[in-house]
Every structure is written in structure tokens, then in C-alpha cells.
Amino acid sequence: MKSKISFSLFIALTFLFINQSSAQKGWIDLFNGKDLKDWNIKISKHNYNENYANTFRVEDGLMKVSYDGYKDFDQQYGHIFYKKPFSYYLLKITYRFVGEQAKGGEGWAYRNSGAMLHGQAPETMLKDQDFPISVEGQLLGGDGTHDRHTSNVCTPGTQIVYEGKLFTPHCLDSRSKTYAGDQWVTAEFLVLGDSVIKHIIDKEVVLEYTKPQIGGGNVSNYDPKIKVDGKALTGGYISLQSESHPIEFKKVRLYNLEPYAKNKTDLAQVIAKVLNE
């Protein structure tokens, strides 16, 4: 009996290992549609993993960023981080802006959120730090009047190289169209270590830049030991923002490209395949 149980256990563990290994080489649902167990939270002016006023929650199968528990936003910028870092990947996010901006939110934060790429570990953020040192794939919704491109790039505590030159301003617009109202939008971010990052909307590359690195400003109250200017960003944590306007996320998926990073031919083939899925 012992030998049969042991063999059965061996078979079960083997299949579990194979399935987990396969998953890590392909699509991973970072958001499982049920809960936030794989995520960690850091909201400015609050301690690590304090989900102030239930800002981040799961309802009706959606990850929601809500402010019904706030009296005033008061620059309490928040981020919810996936539990592990990545380096080479395709990130796919389906989102929509809903409702009204929280009282006290900045004008620029109207229908504004973001996917933070190559971010610092959330536990290294100080209590009053506003944004993680990271490269932001900025998500914007239309205001009904102006052109507001989505999938832009902003650089809290970082810099990028754009068209062969170091880009030092904080944000750079993409070439996307404006998405108004409460429609669902899917944004993709192809991230290949510290070589290249591409922002993709509707299968079109709307922004491309290279050599993400630590540097510049636009981040406050950080630990100076973490902000090593000039350091290449080869990987890091992914997080989603809370910037005062309610937003919902239906899908947060990632295709792990790390197993193909050392073979350019295999990498190009896999990227071409997953971009068409």
C-alpha cells in the first residue's frame, strides 16, 4: 500500500511540476478573476499591504480601483503589485474607466491610470513615497473634448532612450487614438529586459523606446539607496495604479518570454505568435 501511495504521489507531483513549468513558459493570468491573493498593495501615506478604504477590490470578476471610502483623495497614490518580478514578457491588460473622479484628485489624473513596468519591489517603498521607481505605461481615457492618447510613457524616477537620444521629460505621448466613455480597451506592452519596450494598441505599435534606466525626477519620498541613477532596468515588478479616477481591469495576462531570451530566432518567432493571439 505504501509503495502504491508513494508512486501515485510521485505521478501527481510530476504532473503538477510539468503543468507549472509549462505555465511559466506561456500565458499567466496575473489576475485570477476571484481575489487579490497574488498581489501586494502600497498606497502613499499608508503602510505596505494596507489596502486603505478597500481601494483595490474584486467584484463581479473584475479588479476594481474605487474611492467610495475616501473623504478626500489627498495625493494618496496607490499601486497594486503582482507578487513576482519579470524581465522578458508580453503584458496584456483590458481596462475601462468608470464613474466620477474622487474628490481632491488632481486635474491631470482625470481618467488616468497606468501599468508600471520594471518597478522597484513594493516593500522597498517608503511610507510616504508617491510612485514606485518604474517605467509607466500610462492609460488615459477621453474627456469628451480633447485628444487624449492612451498607452503613453511616463518616467517616475527613470529615464528612457527615444529615437536614439536620452529622453528626460516626464511623459511622452503615443500615436494611439482617443478612447472615450466606458468602453473596454486592451493595451499590450512588449518588454525585453533593458533593450526595448513597445506599447501596442489594436495590434499597432504606438510607441517604442529603449534602454530604460533609473534616473531623473518625478518621484518623491523614496529611499535614496534604491534610486541608483544610471542603473539599467533589466526587470522588475508590474503594478497597476490608483490615481483618483475609478478604473476596472477585466484581464491582466502575461506571456513569459524569459525562456527564449537567449535565442533571438526563437524569441522573434514566439513574439510573432503571441501577438496574434
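Both backbone and side-chain heavy atoms feed into the values below; hydrogens, waters and symmetry mates do not.
Glu208 CD to Leu190 CG: the interatomic distance, rounded to the nearest 0.5 Å, is 9.0 Å. One distance of note links CG of Asp60 with CZ of Arg57; it measures 11.5 Å at 0.5 Å rounding. With rounding to the nearest 0.5 angstrom, the CG atom of Asp130 is 9.0 Å from the CG atom of Asn218. Between the NZ atom of Lys251 and the OG1 atom of Thr94 there is a distance of 8.0 Å, given to the nearest 0.5 Å. One distance of note links OH of Tyr237 with CG of Leu117; it measures 15.0 Å at 0.5 Å rounding. Put simply, CG on Asp173 and OG1 on Thr150 are 10.0 Å apart, with the number rounded to the nearest 0.5 Å.
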- Apply the test side-chain contact (heavy atoms from CB on, under 4.5 Å) to residues Trp27 and Leu90: give CA-CA distance (whole Å), side-chain angles for both, the deciding distance (0.1 Å), then the verdict. CA-CA 9 Å; Trp27 284 109; Leu90 176 67; 3.9 Å; yes
- Task: For Val135 and Val153, run side-chain contact (heavy atoms from CB on, under 4.5 Å): C-alpha distance rounded to whole Å, both residues' side-chain angles, the deciding distance at 0.1 Å, then the answer.
- Result: CA-CA 7 Å; Val135 176; Val153 64; 3.7 Å; yes
- Message: Between Thr186 and Lys92, does the side-chain contact (heavy atoms from CB on, under 4.5 Å) criterion hold? Intermediate values first, please.
- Response: CA-CA 7 Å; Thr186 296; Lys92 182 178 290 190; 3.6 Å; yes
- Test log, rule side-chain contact (heavy atoms from CB on, under 4.5 Å), inputs Asn49 and Asn47: CA-CA 6 Å; Asn49 266 335; Asn47 293 323; over 6 Å; no
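For Arg111 and Asp182, the salt-bridge test passes: some basic side-chain N is under 4.0 Å from an acidic carboxylate O. Looking at Lys83 and Asp38, a side-chain N of the basic residue comes within less than 4.0 Å of a carboxylate O on the acidic one, giving a salt bridge.
You'll find the side chain of Ile238 reaches within 4.5 Å of the side chain of Tyr89, heavy atoms only. Proximity of Asn51 to Ile41: side-chain heavy atoms (C-beta onward) are separated by under 4.5 Å at one or more points. A heavy-atom distance below 4.5 Å is found between the side chains of Ile93 and Leu240. Annotation: side chain of Tyr95 is in contact with side chain of Val185 (closest heavy-atom distance under 4.5 Å). At a threshold of 4.5 Å between non-hydrogen side-chain atoms, the residues Val270 and Tyr255 count as touching. The shortest distance between side-chain heavy atoms of Lys37 and Asn32 falls below 4.5 Å.
Applying the ring-ring contact (aromatic ring centres under 6.0 Å, His included) rule to pairs touching residues 142-195 yields Phe189-His199, sequence neighbours excluded. Pairs engaging residues 138-161 under the salt bridge (Lys or Arg N to Asp or Glu O under 4.0 Å) rule: none recorded [sequence neighbours left out].
Remark: the backbone N or O of Pro132 is paired with a side-chain donor or acceptor of Ser134 at under 3.5 angstrom. Trp39 places no side-chain N or O within donor-acceptor distance of the main-chain N or O of Ser239, the cut-off being under 3.5 Å. With hydrogens and angles disregarded, a donor-acceptor distance shorter than 3.5 Å links the side chain of Gln213 to the backbone of Lys211. Between the side chain of Asn152 and the main chain of Ser174, a donor-acceptor pair closer than 3.5 Å is present. Under the 3.5 Å distance criterion, the side-chain polar atoms of Lys42 are matched with a main-chain donor or acceptor of Lys127. Of the possible polar contacts, none joining the Asn40 side chain to the Phe81 backbone as a donor-acceptor pair under 3.5 Å is found. In this structure, the side chain of Gln76 engages the main chain of Phe73 through a donor-acceptor pair within 3.5 Å. Looking only at distances, no side-chain donor or acceptor of Asp202 sits under 3.5 Å from a matching main-chain atom of Glu204.
When only modelled atom types and interatomic distance are considered, Gln241 and Gln138 share no side-chain donor-acceptor pair under 3.5 Å. A donor-acceptor pair shorter than 3.5 Å can be found between the side chains of Ser244 and Gln101. Inspection of the Thr55 and Tyr70 side chains reveals an N or O donor paired with an N or O acceptor under 3.5 Å.
Taken together through direct or relayed side-chain contacts under 4.5 Å among Ile, Leu, Val, Met, Phe, Trp and Tyr, Ile200 and Leu140 form parts of separate hydrophobic clusters. In the hydrophobic cluster analysis, where Ile, Leu, Val, Met, Phe, Trp and Tyr join through side-chain heavy atoms closer than 4.5 angstrom, Ile28 is grouped together with Ile80. Put simply, Leu139 and Leu172 are part of the same group of oily side chains (I, L, V, M, F, W, Y) that touch within less than 4.5 Å, one to the next. Note on Val252: it clusters hydrophobically with Ile201, by side-chain heavy-atom contacts below 4.5 Å among ILVMFWY residues. Clustering ILVMFWY residues whenever any of their side-chain heavy atoms sit less than 4.5 angstrom apart, transitively, puts Val196 in the very cluster that holds Val274.
Ring-plane geometry between His46 and Tyr52 is classed as parallel, the angle between the planes falling under 30 degrees on a 0 to 90 degree scale with a further cut at 60.
Residues Gly104 and Asp72 share a closest heavy-atom pair of CA-OD2, 3.7 Å. Looking at every heavy atom in both residues, Phe249 comes nearest to Ser113 through CZ-OG, 4.3 Å. Heavy-atom minimum distance, Leu62 versus Arg96: CD1-NH2, 4.4 Å. Closest non-hydrogen pair, Pro212 versus His118, comes out as CG-CD2, 4.1 Å. Closest of all the heavy-atom pairs between Ser242 and Phe56 is CB-CZ, 3.6 Å. Nearest heavy-atom pair across Pro156 and Met116 is CG-CE, 3.8 Å.
Residue Glu277 qualifies as enclosed at atom CD: its count of foreign heavy atoms under 6.0 Å is above 12. Counted within 6.0 Å of NZ on Lys203, heavy atoms from surrounding residues, nucleotides or ligands total more than 12; the atom is thus considered enclosed.
The residue from Leu233, Ile214, Leu166 that alone fulfils the side chain to side chain contact (heavy atoms under 4.5 Å, CB included) condition with Gln159 is Leu166. Each of Val219, Asp223, Ile226 was compared with Gln129 under the side chain to side chain contact (heavy atoms under 4.5 Å, CB included) criterion, and only Val219 meets it.
Taking Phe131 as the reference, Tyr77, His79 meet the ring-ring contact (aromatic ring centres under 6.0 Å, His included) condition, with sequence neighbours excluded. Qualifying salt bridge (charged side-chain N to carboxylate O under 4.0 Å, His left out) partners for Lys45, counting only residues two or more places apart in sequence or in other chains: Asp74. Asp229 pairs by the salt bridge (charged side-chain N to carboxylate O under 4.0 Å, His left out) definition with Lys227, not counting sequence neighbours. Every residue two or more places apart in sequence or in another chain that forms a side-chain contact (heavy atoms from CB on, under 4.5 Å) with Asp266 is listed here: Tyr260, Asn263, Gln269.
Aromatic rings from Tyr110 and Phe97 are positioned such that their centres are separated by 6.0 Å or more.
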